[in-house]
**Q** 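Have a look at this one before I ask anything.
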Amino acid sequence: MNGGLLVAGTTSDAGKSVVTAGICRWLVRQGVKVAPFKAQNMSLNSFVTRDGAEIGRAQAMQAQACRVEPTAHMNPVLLKPGGERSSQVVLLGRPVGEMSARGYHGGRQERLLGTVLDSLAELRGTYDAVICEGAGSPAEINLRRTDIVNMGIARGAGLPVLVVGDIDRGGVFASFFGTVALLAPEDQALVAGFLVNKFRGDVSLLEPGLDMLHGLTGRRTYGVLPFRHGLGIDEEDGLRVSLRGTVRESVVAPPVGEDVLRVAVCAVPLMSNFTDVDALAAEPGVVVRFVDRPEELADADLVIVPGTRGTVRALEWLRERGLADAIARRVAERRPVLGVCGGFQLLGEHIEDEVESRAGHVDGLGLLPVRVRFDREKTLTRPVGEALGEHVEGYEIHHGVAEVTGGEPFISDDQGHSLDGCRVGQTWGTHWHGSLESDGFRRAFLREVAAAAGRRFVPAPDTSFAALREEQLDRLGDLIEHHADTDALWRLIESGAPQGLPFIPPGAPA
């Protein structure tokens, strides 16, 4: 096999990421050497590859579905929103500057088409198949001229296109038909057919509609995927906080100890890498919720201030909502608080920021002896260390450089020298994302939190976060294998879109 496929969607959140990961896992189980690809991703959830490149977490998870190491070529353009109208542009894993939406779509995006096609060609020269994910809808006719992630990449690389629709939202037949009918003839020729996602009920009741859709468009449906709980992978929405972003309860088990542990995550603006709490949500007896009011911290055993693309803005938000005072009271009462990345920075004494917010000197919450200065160079690393007597791994994505002036080191090397973070009493801070995915460290940390909170909570001795992720990816592969026409899908990936697909008027406006 030497093929490819673009998984597009009728809307955002139609299931493109999940379907792409499922196809990848199905193919790798057939012995195919496969890689994921998304030309352009808008996300505040990112990951660092082993060679220090920043890409979207969804593509890192899809690489895991392929059982390969992620690389920058799998997501050559990453946009990290800093507000409603501007984003940091990350090109081939490295930040190249801030740009307004108008400036990006006004010319910069179109010039990147060659770069993304080169990355795709690099992957196609290395792997048997490359499964590409689109963004939003391919029928966003206002953006088609500069498109590099949907039909722009499909036409540039000659990829067949499979359009995914979320039937749980309703209107899926109109969405399928309208998506095709709003594309130019050259684009329509690449749209091979459809995949229905999140169907509930008896498929036989859907079949007459699928037959009519085939008659109207000349395009077949490649499968009907049933609705399943617990199948999501890492969220990638750039400006919208998904309150479903906590691991989807792949396994539901009762607490091991007598008590549950309640974790409140402050839903700060421009929250980044909120997937950090997935590993906590996967623990039996740990209840994770996102909060935005001070009274919601009252019964929490642990409060987490997560990462953010706007540290100063998040600091102002915490103060405006009364959450800053509530967190300070918790610290005074020696009740557990954890700050991660931007959350760690704002727990410190002061911040010098001429890079992200350009606010200059800003007083922090003063809860940790830390001073932060924002550097123009972004730290992108995959460090390894020890904390609470356990091995811990993570990844760093930040402009803020922390000077720790007191307290205890949070994470150290094997000689006991500080690597990152700070701890004072029951207040912790670290720049390391993903540290709670290290099972031994997570259990040790939760034991400390439970003791400080006076809870008779016991971490499960056998929870493996990596194993839960693998189970989740296998379930996605099973979904494709059992509910898609895999023979037809195989031919599509290997041979491209069928010849002679009819044009559906009116087509894209001139």
Side-chain angles (χ1 to χ4, degrees), residues 3-16 18-20 22-23 26 131-134 136-141 144 147 150-155 158-227 479-510:
L5 174 69
L6 175 70
V7 179
T10 56
T11 62
S12 295
D13 204 29
K16 295 183 292 289
V18 167
V19 169
T20 300
I23 293 174
W26 162 66
I131 307 303
C132 309
E133 179 188 343
S137 162
E140 291 168 352
I141 54 179
R144 177 61 185 91
D147 171 52
N150 288 307
M151 301 313 300
I153 195 77
R155 200 190 298 188
L159 294 172
V161 178
L162 184 68
V163 180
V164 178
D166 179 359
I167 196 170
D168 200 47
R169 293 181 172 188
V172 74
F173 292 115
S175 298
F176 282 145
F177 184 88
T179 296
V180 178
L182 280 177
L183 298 178
E186 297 85 351
D187 290 342
Q188 287 195 24
L190 295 172
V191 178
F194 313 107
L195 187 74
V196 177
N197 192 28
K198 300 182 185 177
F199 180 72
R200 305 172 191 251
D202 185 347
V203 176
S204 67
L205 298 176
L206 192 66
E207 288 172 351
L210 299 178
D211 292 340
M212 293 174 65
L213 183 67
H214 182 268
L216 289 167
T217 67
R219 289 158 175 86
R220 59 168 299 167
T221 298
Y222 283 76
V224 177
L225 307 184
F227 187 96
L479 200 69
I480 297 299
E481 186 171 340
H482 299 154
H483 300 283
D485 185 339
T486 52
D487 289 340
L489 197 57
W490 187 282
R491 290 192 298 272
L492 185 62
I493 294 168
E494 192 169 37
S495 304
Q499 297 296 307
L501 292 169
F503 171 72
I504 308 301

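Owing to the predicted nature of the structure, the values given are computational and were not obtained by experimental measurement.
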**Q** With side chains defined as the heavy atoms from C-beta onward, is the minimum distance between D13 and D166 less than 4.5 Å?
**A** no

**Q** To the nearest 0.5 angstrom, please state how far the NZ atom of K198 sits from the CZ atom of R169.
**A** 6.5 Å

**Q** Looking at CG of N150 and SG of C132, how far apart are the two atoms once the value is rounded to the nearest 0.5 Å?
**A** 11.0 Å

**Q** Would you call R144 and P138 a side-chain contact if the rule is heavy atoms closer than 4.5 Å?
**A** no

**Q** Where is the tightest heavy-atom contact between V19 and V7, given as atom of each residue plus distance?
**A** CG1-CG1, 4.0 Å

**Q** Does the side chain of L479 reach to within under 4.5 Å of the side chain of P226, using non-hydrogen atoms?
**A** yes

**Q** Would a 4.5 Å heavy-atom cut-off, applied to side chains only, mark I167 and L206 as touching?
**A** yes

**Q** Can you find a heavy atom in the side chain of V18 that is under 4.5 Å from one in the side chain of L225?
**A** no

**Q** Measure the CG-CZ distance between L182 and F177 for me, rounded to the nearest 0.5 Å.
**A** 9.5 Å

**Q** Hey, does the side chain of K16 reach the backbone of T11 with a donor-acceptor pair shorter than 3.5 angstrom?
**A** yes

**Q** So D485 and R220, do their side chains get closer than 4.5 Å, heavy atoms only?
**A** yes

**Q** Looking only at non-hydrogen atoms, find the nearest pair between V191 and V163 and report the distance.
**A** CG1-CG2, 3.8 Å

**Q** If you take all heavy atoms of G136 and S12, which pair is closest and at what distance?
**A** CA-OG, 3.5 Å

**Q** Could you tell me the separation between the CE atom of M212 and the CZ atom of F173, rounded to the nearest 0.5 Å?
**A** 8.5 Å

**Q** Would you give the length of the straight line joining atom OH of Y222 to atom CG of L5, rounded to the nearest 0.5 angstrom?
**A** 9.0 Å

**Q** Please report the interatomic distance OG1(T221) to CD(E207), rounded to the nearest 0.5 Å.
**A** 10.5 Å

**Q** What heavy-atom pair brings A192 and L492 nearest, and what distance separates the two atoms?
**A** CB-CD1, 3.4 Å

**Q** Of all the heavy-atom pairs spanning Q188 and L183, show the shortest one and how long it is.
**A** NE2-O, 3.0 Å

**Q** Passes side chain to side chain contact (heavy atoms under 4.5 Å, CB included), D187 versus V161? Steps please.
**A** CA-CA 9 Å; D187 290 342; V161 178; over 6 Å; no

**Q** Going by heavy atoms in the side chains, are L6 and L190 under 4.5 Å from each other?
**A** no

**Q** Within a strict 4.5 Å, meaning less than it, do heavy atoms of the F176 and V196 side chains meet?
**A** yes

**Q** For a side chain to side chain contact (heavy atoms under 4.5 Å, CB included) check, start with the C-alpha distance between V224 and L210, then their side-chain angles and the critical distance, and finish with the verdict.
**A** CA-CA 10 Å; V224 177; L210 299 178; 3.9 Å; yes

**Q** If you look at every heavy atom in T486 and I480, which pair is closest and at what distance?
**A** CG2-O, 3.6 Å

**Q** Check the pair T217, F194 against side chain to side chain contact (heavy atoms under 4.5 Å, CB included), reporting the backbone distance first and the verdict last.
**A** CA-CA 10 Å; T217 67; F194 313 107; 3.6 Å; yes

